[in-house]
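In what follows, a single structure is set out as structure tokens and then discussed.
In what follows, chains are A, B, ... by sequence order, proteins preceding strands, each numbered from 1.
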Amino acid sequence: MSVPRTAAPPVTAARGSATWRLIKTESTLCVRDKVGPLWGIGFPLILLIILGSVSDLRQPVEAGGGLTYFDLYVPVLILFNLAVLATGSLPTTLAGYRENGVLRRMRTTPVGPARVLAAQLVANFAIAVVAMVLFLAAARFGFGVDLPKHLLGFALAWLLAAAALLAIGLLIAALAPGRGPATAIGTVLFFPMMFFAGLWIPIPLMPPLLRNIAHYTPLGAGMRAFQDAFLGHFPSAVPLLTLAAYAVVCAFVAVRWFRWE
Amino acid sequence: MPPVIEVRNLHKRYDDKIAVDDVSLTVQEGEIFGILGPNGAGKTTTVECIEGLRMPDRGEIKVLGLDPLRERAELTRRLGVQLQAGHLPERLQVAEALELYSSFYPEPADWRALLEGLGLADKARTRYAKLSGGQKQRLSIALALIGSPRVAILDELTTGLDPQARRDTWDLIESVRSHGVTIVLVTHFMEEAERLCDRLALIDAGRVVMVDTPTGLTERARIGQRIQFRPSRPMDDRLLTSLPDVSGVTRRGELVIVNGNDNALNAVTTVLARNQIVAEQLRVEQASLEDAFVQLTGKRLDPGPR
Ligand SMILES: Nc1ncnc2c1ncn2[C@@H]1O[C@H](COP(=O)(O)OP(=O)(O)O)[C@@H](O)[C@H]1O
Ligand SMILES: [Mg+2]
């Protein structure tokens with residue numbers, strides 16, 4: 001048996017192709033993992049279709065600025081997707097990588113573990129983009145819900161919400177000692193976050209105290225910004241800044257605390 | 001030629017537990033250098049310091065002239081590593097892992113041929129989680145070699161492999177070396193060390209007991225041969241203990257057991273013949289590295305890895 005060696009393959013683009021291949025690999029793994037596609041896309045999409053068929057939900061919400069209950073569920077489900085990725089998919093995978101020595105093994109290669117982490121973020125971001133486009137399209141073409149009237153404002157709000165949520169996912173991965181605890185923390189965070197997004201009671205219908213709290217939670221702030229954009233305004237500064245603050249603070253703490261092994 | 005790896009007075013502790021007390025060693029270009037010792041001796045900690053995965057508390061390390069901590073980027077390109085405990089994502093397939101890892105290196109080996117050579121070709125589409133322990137081990141050897149490294153450090157290379165797979169792996173390692181790759185082999189298998197290594201460092205309790213060739217080690221332990229026989233008539237032990245080539249005589253029931261150097265057998269048979277004693281049930285054993293190890297450290301090598 002002899003040791004195979006290629007005849008000096010091109011050295012060029014080795015860096016770029018390694019990063020690209022990592023992103024491709026992590027995306028494939030995310031899809032195989034099923035949490036993202038199933039709970040992050042499939043489940044909310046089915047929910048959207050079911051809710052869209054309930055005629056009672058086509059009533060305008062009081063203090064909802066003319067939006068119907070169903071209209072409000074479209075952004076809620078977009079946030080649902082981000083929340084699943086941030087509390088389920090991302091931290092569980094990363095904490096598992098640390099626990100199983102995947103990141104440690106990467107430390108011995110020229111590429112290093114930070115790029116695995118980045119590739120995971122990109123993969124989850126890609127799934128989120130697909131979900132967001134899919135949900136908007138399904139609502140628009142399936143149930144006649146108008147697209148956000150201020151598209152640019154919506155895009156900005158969504159980007160900030162995605163950044164905030166992925167940073168929260170990173171933070172969970174950084175603080176959880178292992179895969180099990182990461183899953184537990186994620187699950188515990190998921191439900192109150194979704195509550196304040198208005199999954200069970202639309203925010204405009206919440207008692208004032210809860211509504212005020214909601215506005216400063218990541219998903220509540222996201223909801224407020226989305227609602228502005230759906231109604232045709234550029235989202236107001238407070239929710240945008242709230243989202244940005246979550247993104248920056250969580251990412252900063254996560255990076256400070258993240259351990260590779 | 002400067003040594004490929006140079007470790008001087010390495011010291012590493014975890015909290016209050018000293019893992020490596022004082023280790024110095026040099027590995028020359030092109031050799032297979034073994035690090036042999038019982039569980040908990042500090043072998044893994046030593047090589048992880050060499051790989052730059054752990055920060056030594058004291059001591060100096062140079063690998064290919066590079067500082068493993070400060071010049072990591074350059075080192076990782078030229079050093080292939082098999083970790084004792086290192087894993088891949090559960091859902092990653094064998095071929096995907098090799099393709100991915102080969103994209104990390106400027107001059108990767110042909111991963112398909114590597115797969116073939118390690119007998120994993122039919123597992124190319126199998127997920128990591130579905131591989132047996134031995135198959136995972138072989139994949140991790142493949143990943144250590146995928147970057148065409150100048151130096152490869154393999155920790156507990158054949159632990160978990162069945163005897164046939166172990167021998168195949170040894171063949172692979174020899175062929176890798178024949179291409180000029182320097183190999184550091186961490187092991188607690190005597191047979192592996194004897195078969196593969198040009199030189200060995202015997203490590204015990206965080207210290208190097210000695211560095212020598214496998215034969216040199218057994219010679220130094222002064223247990224060249226063990227001769228065992230049943231004398232045809234009663235005899236006085238002093239007949240044998242007086243021989244310069246004999247280091248010890250013990251009795252087990254009717255059996256006489258003689259330890260001595262490589263000339264002992266000649267000397268013993270001559271003396272017996274002169275006294276008309278026939279050595280019945282005569283057995284001669286070449287002392288193994290294992291015997292040498294016990295002799296030098298007063299310990300046995302444990303069966304399982306850590
Ligand atoms: N991460 C760690 N934290 C604390 N103690 C450790 C750690 N790793 C190893 N040790 C201890 O250090 C000693 C040497 O371990 P190791 O280098 O793994 O030995 P070997 O590879 O020779 O079995 C052992 O007593 C082990 O328990
Ligand atoms: Mg070990």
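Heavy-atom minimum distance, B:Val63 versus B:Ile5: CG1-CG1, 4.0 Å.
Every residue meeting the salt bridge (charged side-chain N to carboxylate O under 4.0 Å, His left out) condition with B:Asp198, not counting sequence neighbours, appears here in chain and number order: B:Arg177. Taking A:Glu261 as the reference, A:Arg104, A:Arg107 meet the salt bridge (charged side-chain N to carboxylate O under 4.0 Å, His left out) condition, with sequence neighbours excluded. For B:Arg199, the salt bridge (charged side-chain N to carboxylate O under 4.0 Å, His left out) test picks out B:Glu31, with sequence neighbours left out.
A perpendicular orientation is assigned to the rings of B:Tyr128 and B:His87, their planes being inclined by more than 60° (bins at 30° and 60°).
With a threshold of 4.5 angstrom between heavy atoms, B:Gln82 does not approach chain A through any atom at all. For chain A, no part of B:Arg78 is nearby; none of its heavy atoms comes within less than 4.5 Å. Of the atoms belonging to B:Leu75, not a single heavy atom falls under 4.5 Å from chain A. Only the side chain of A:Thr25 comes within contact range of chain B, with at least one heavy atom under 4.5 Å from a heavy atom of that chain. When heavy atoms are compared at a cutoff of 4.5 Å, B:Glu174 does not approach chain A at all.
A side chain to side chain donor-acceptor pair (under 3.5 Å) with B:Glu192 is found for exactly one of B:Thr159, B:Thr158, B:Thr169, namely B:Thr158.
Under the 3.5 Å distance criterion, the side-chain polar atoms of B:Thr76 are matched with a main-chain donor or acceptor of B:Ala73.
When the heavy atoms of residues 176-199 of chain A are compared with those of chain B, none of the residues falls under 4.5 Å.
Side-chain contact check for B:Gln93 and B:Thr126: no donor-acceptor pair (N or O, by modelled atom type) lies under 3.5 Å.
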